[in-house]
*Asks:* 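Handing you a structure now.
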There are 2 protein chains.
Amino acid sequence: MKKDKKRSECPISCSLDIFGDKWSLLIIRDMMFANKSTYGDFLKSEEKIATNILASRLQSLEENKLIEKLEHPDSKAKVLYRLTQKSIDLLPIIVEIHIWAEKHFDIPADIKAMIKEAKKDKDEFIKTTTRQLKKQITT
Amino acid sequence: MKKDKKRSECPISCSLDIFGDKWSLLIIRDMMFANKSTYGDFLKSEEKIATNILASRLQSLEENKLIEKLEHPDSKAKVLYRLTQKSIDLLPIIVEIHIWAEKHFDIPADIKAMIKEAKKDKDEFIKTTTRQLKKQITT
DNA sequence: ATTTGCACTTGCAATATGCAAGCAAAAATA
DNA sequence: TATTTTTGCTTGCATATTGCAAGTGCAAAT
C-alpha cells in the first residue's frame with residue numbers, strides 16, 4: 001500500500017484521501033455499532049470484503065491513526081483492533097450519513113428506528129454514543 | 001460506467017456505493033461553495049481531476065440524481081450542472097467532514113474561519129446555506 | 001474562413017480490487 | 001504428544017478503475 005500524497009489543502013479532499021473509499025467507513029461502522037474488533041469479525045460482515053482488501057484497509061486505517069492494533073486478551077492468535085479518539089470523532093459524520101440515507105433510500109426498520117432516535121436529539125445521541133465508545137479506549 | 005449493485009441494505013454502505021470515492025464529494029463541494037457549474041469549472045480545481053474521470057463521475061452523479069444536466073443560458077457549447085435537493089441534503093455531512101478535518105488537520109485560514117462560523121450555530125448555518133442553494137434550483 | 005473554447009472520448013499504462021488458494025503461528029482436540 | 005482447527009494474514013492472477021496525453025466534434029468568436 002502506498003501513502004497517498006495530499007491532493008490539496010482542502011479539508012474535504014484531505015478527509016477523502018483518508019476515508020474516501022468504499023470500505024474504510026464500513027470497518028469503522030462495524031467497530032462503532034456492531035462491536036466488531038477482529039479481522040475475522042470484519043470478514044463476517046454482510047458486504048463481504050475480500051481478505052486482501054481488508055488487510056490493506058486495516059493497515060491504512062492504522063497508518064492514519066483511525067485504529068490501533070493491540071494484543072487480544074483472549075489469545076495470541078488474535079489481534080484486537082480498537083477505535084481511536086480520531087475515529088470516534090467521525091461519529092457526527094456517520095450519523096449525518098445515516099440521516100441522509102434514511103431520507104433518500106429504503107432502510108431496514110431496526111436501523112430506521114435508531115436513526116429516528118438520533119434525530120430526536122442529535123447532540124445528545126452523539127454525546128452518549130461517544131461516551132460509550134470512549135470507555136473502550138480508556139481502560 | 002457500470003451501475004454497481006448495492007452491497008447491502010446498510011445506509012452507510014448504500015451511501016458509499018454512491019459517493020464513496022475520492023472525487024464525487026469534491027464536485028459537490030465545488031458546486032456548493034465555489035459556485036462552479038460547468039465541466040471546465042471542475043477541471044480548474046486544485047485537485048486536478050482527469051478529464052475522463054470527471055466525465056464518468058458527472059455521469060454517475062447524474063444517474064444517482066445528485067446533479068442535473070441542463071442547457072447553459074450563455075451558450076449551446078456549454079453544459080450547466082446543477083445541484084438537486086438530494087445533493088443539497090448532503091450539506092450536513094459536508095459540514096461535519098469540515099469540522100472533523102479542522103480538528104485533525106491543518107486547514108487554510110480562510111476555510112478555518114468558515115468552519116468556525118458553522119460551528120457557532122450549526123443548524124442556522126445549514127439552514128441559511130441550504131436556502132441559498134435551493135434558490136438556484138427553484139428558478 | 002480560420003481559430004479558439006468547450007465538453008467530452010479514446011488509447012494505453014499504472015494502480016486497485018476481487019477471488020481463490022496458500023501459509024505460519026497459536027489454540028483446541030484427540 | 002500428535003493432529004486438526006482457528007486466526008490473521010499473503011500471494012497469484014484476472015478484472016476493473018484510475019491517470020495521463022492526445023484527439024474529436026460542435027459552437028462561438030475573430
Side-chain angles (χ1 to χ4, degrees), chain A residues 1-8 13 16-27 30-31 34-64 67-82, chain B residues 1-8 13 16-27 30-31 34-64 67-82:
Chain A
M1 248 329 101
K2 210 186 305 173
K3 304 195 183 209
D4 287 337
K5 212 178 52 187
K6 274 202 236 178
R7 292 173 293 172
S8 78
S13 166
L16 293 176
D17 285 342
I18 290 184
F19 59 75
D21 68 88
K22 299 247 181 285
W23 295 107
S24 297
L25 285 184
L26 294 186
I27 295 171
D30 283 349
M31 296 177 84
N35 245 302
K36 300 197 175 184
S37 60
T38 67
Y39 188 90
D41 287 343
F42 302 129
L43 276 186
K44 281 174 212 139
S45 288
E46 214 187 337
E47 294 86 5
K48 298 288 163 231
I49 189 169
T51 57
N52 55 342
I53 304 296
L54 176 57
S56 106
R57 286 294 84 100
L58 287 170
Q59 195 188 316
S60 136
L61 287 170
E62 197 195 359
E63 282 169 7
N64 289 299
I67 60 174
E68 282 177 333
K69 210 173 166 173
L70 303 166
E71 280 183 18
H72 199 288
D74 293 356
S75 149
K76 279 184 186 170
K78 289 189 179 183
V79 172
L80 188 127
Y81 290 100
R82 202 169 66 174
Chain B
M1 249 327 104
K2 211 186 305 173
K3 304 196 183 211
D4 287 336
K5 210 176 54 188
K6 272 201 236 179
R7 290 173 295 171
S8 79
S13 166
L16 293 176
D17 285 341
I18 291 184
F19 58 76
D21 69 270
K22 297 245 181 288
W23 296 108
S24 296
L25 285 184
L26 294 186
I27 295 171
D30 283 348
M31 296 176 83
N35 245 302
K36 300 195 177 186
S37 60
T38 67
Y39 187 91
D41 287 344
F42 303 128
L43 277 185
K44 281 175 212 140
S45 288
E46 215 187 337
E47 293 87 6
K48 298 288 163 229
I49 189 169
T51 57
N52 56 339
I53 303 298
L54 175 56
S56 105
R57 286 292 85 97
L58 287 170
Q59 194 188 318
S60 136
L61 287 170
E62 197 195 358
E63 282 168 7
N64 289 298
I67 59 173
E68 282 177 332
K69 210 173 167 175
L70 302 166
E71 282 183 18
H72 199 289
D74 293 357
S75 149
K76 278 183 186 171
K78 289 189 179 184
V79 172
L80 188 128
Y81 290 100
R82 203 169 66 174

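Residue numbers start from 1 in every chain, and the chains themselves are labelled A, B, ... in the order their sequence lines are given, proteins ahead of strands.
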*Asks:* If you find the nucleotide of DNA chain D closest to L80(A) and the one closest to R7(A), which residue's nucleotide is nearer the 5' end?
*Replies:* L80(A)
*Asks:* Starting at CD1 of I67(A) and ending at C1' of dG8(D), how long is that distance when rounded to a whole Å?
*Replies:* 13 Å
*Asks:* Atom pairs under 3.5 Å, N or O on each side, protein against nucleotides 24-30 of chain D: can you list them with distances?
*Replies:*
| unit_1 | atom_1 | unit_2 | atom_2 | d |
| --- | --- | --- | --- | --- |
| dA28(D) | OP1 | K76(B) | N | 3.1 |

*Asks:* For a quick test of reading the model: is some side-chain N or O of W23(A) closer than 4.0 Å to OP1 or OP2 of dT17(C)?
*Replies:* no
*Asks:* List in chain and number order the residues that pass salt bridge (Lys or Arg N to Asp or Glu O under 4.0 Å) with E62(A), two or more places apart in sequence or in another chain; answer none if no residue qualifies.
*Replies:* none
*Asks:* I'd like a list of close polar pairs between nucleotides 9-12 of chain D and the protein, N/O only, cut-off under 3.5 Å.
*Replies:*
| unit_1 | atom_1 | unit_2 | atom_2 | d |
| --- | --- | --- | --- | --- |
| dC9(D) | OP1 | K69(A) | NZ | 3.4 |
| dC9(D) | OP2 | Y81(A) | OH | 2.3 |
| dT10(D) | O4 | T51(A) | OG1 | 2.8 |

*Asks:* Nearest 0.5 Å please: distance from the CD1 atom of I67(B) over to the CD atom of Q59(B).
*Replies:* 10.0 Å
*Asks:* Rounded to the nearest angstrom, tell me the gap between atom NZ in K22(A) and atom C1' in dT17(D).
*Replies:* 11 Å
*Asks:* Show me the side-chain donor-acceptor pairs of residues 34-43 of chain A shorter than 3.5 Å, one per line, residues at least two apart or across chains.
*Replies:*
| unit_1 | atom_1 | unit_2 | atom_2 | d |
| --- | --- | --- | --- | --- |
| K36(A) | NZ | D41(A) | O | 3.4 |
| K36(A) | NZ | S45(A) | OG | 2.9 |
| T38(A) | OG1 | D41(A) | N | 3.1 |
| T38(A) | OG1 | D41(A) | OD1 | 3.4 |
| T38(A) | OG1 | D41(A) | OD2 | 3.2 |
| Y39(A) | OH | T51(A) | O | 2.9 |
| D41(A) | OD2 | S37(A) | N | 2.9 |
| D41(A) | OD2 | T38(A) | N | 3.1 |

*Asks:* What is the separation between atom CD1 on I27(B) and atom P on dC8(C), rounded to the nearest whole Å?
*Replies:*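 One finds 12 Å between P of dC8(C) and CD1 of I27(B), rounded.
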*Asks:* Whole angstrom is fine here: how far is it from CZ in R57(A) over to P in dT15(C)?
*Replies:* 15 Å
*Asks:* As an exercise, state the distance from CG of L26(B) to OG of S8(A), rounded to the nearest 0.5 Å.
*Replies:* 7.0 Å
*Asks:* Round to the nearest Å and state the distance from L54(B) atom CG to dC8(C) atom C1'.
*Replies:*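 For the pair L54(B) CG and dC8(C) C1', the rounded distance is 9 Å.
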*Asks:* For residues 69-79 of chain B, dump all side-chain donor-acceptor pairs below 3.5 Å to protein atoms at least two apart in sequence or in another chain.
*Replies:*
| unit_1 | atom_1 | unit_2 | atom_2 | d |
| --- | --- | --- | --- | --- |
| H72(B) | ND1 | D74(B) | N | 3.0 |
| S75(B) | OG | A77(B) | N | 2.9 |

*Asks:* Locate the shortest heavy-atom distance separating K22(A) from L16(B); write the atom from each residue and the value.
*Replies:*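 Scanning both residues, the minimum pair turns out to be NZ-O, 3.1 Å.
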*Asks:* What's the shortest heavy-atom distance between S13(A) and E47(B), and which atoms?
*Replies:*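 Closest pair (atom of S13(A), atom of E47(B), distance): CB-OE2, 3.6 Å.
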*Asks:* Rounded to the nearest 0.5 Å, how far does CD1 of I49(B) lie from CG of L58(B)?
*Replies:*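 L58(B) CG to I49(B) CD1: 7.5 Å, rounded to 0.5 Å.
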*Asks:* Once you round to the nearest 0.5 Å, how far does NZ of K6(A) lie from CD1 of I18(A)?
*Replies:* 9.0 Å
*Asks:* To the nearest 10 degrees, how far apart in direction are the end axes of the helix from dA1(C)-dT30(D) to dA30(C)-dT1(D), each fit to five base pairs?
*Replies:* 10°
*Asks:* Starting at atom CD1 of I49(A), determine the distance to atom C1' of dC19(C), rounded to an integer number of angstrom.
*Replies:* 13 Å
*Asks:* Using salt bridge (Lys or Arg N to Asp or Glu O under 4.0 Å) as the criterion, list what pairs up with D21(A), not counting sequence neighbours.
*Replies:* R57(A)
*Asks:* Mind checking salt bridge (Lys or Arg N to Asp or Glu O under 4.0 Å) for E46(B) and listing every partner two or more places apart, or none if nothing turns up?
*Replies:* none
*Asks:* To the nearest Å, how far apart are K48(A) NZ and dA20(C) P?
*Replies:*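 One finds 13 Å between P of dA20(C) and NZ of K48(A), rounded.
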*Asks:* Please state how far atom CG in D21(A) lies from atom C1' in dT17(D), giving the value in whole angstrom units.
*Replies:*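 Distance check: D21(A) CG to dT17(D) C1' gives 13 Å.
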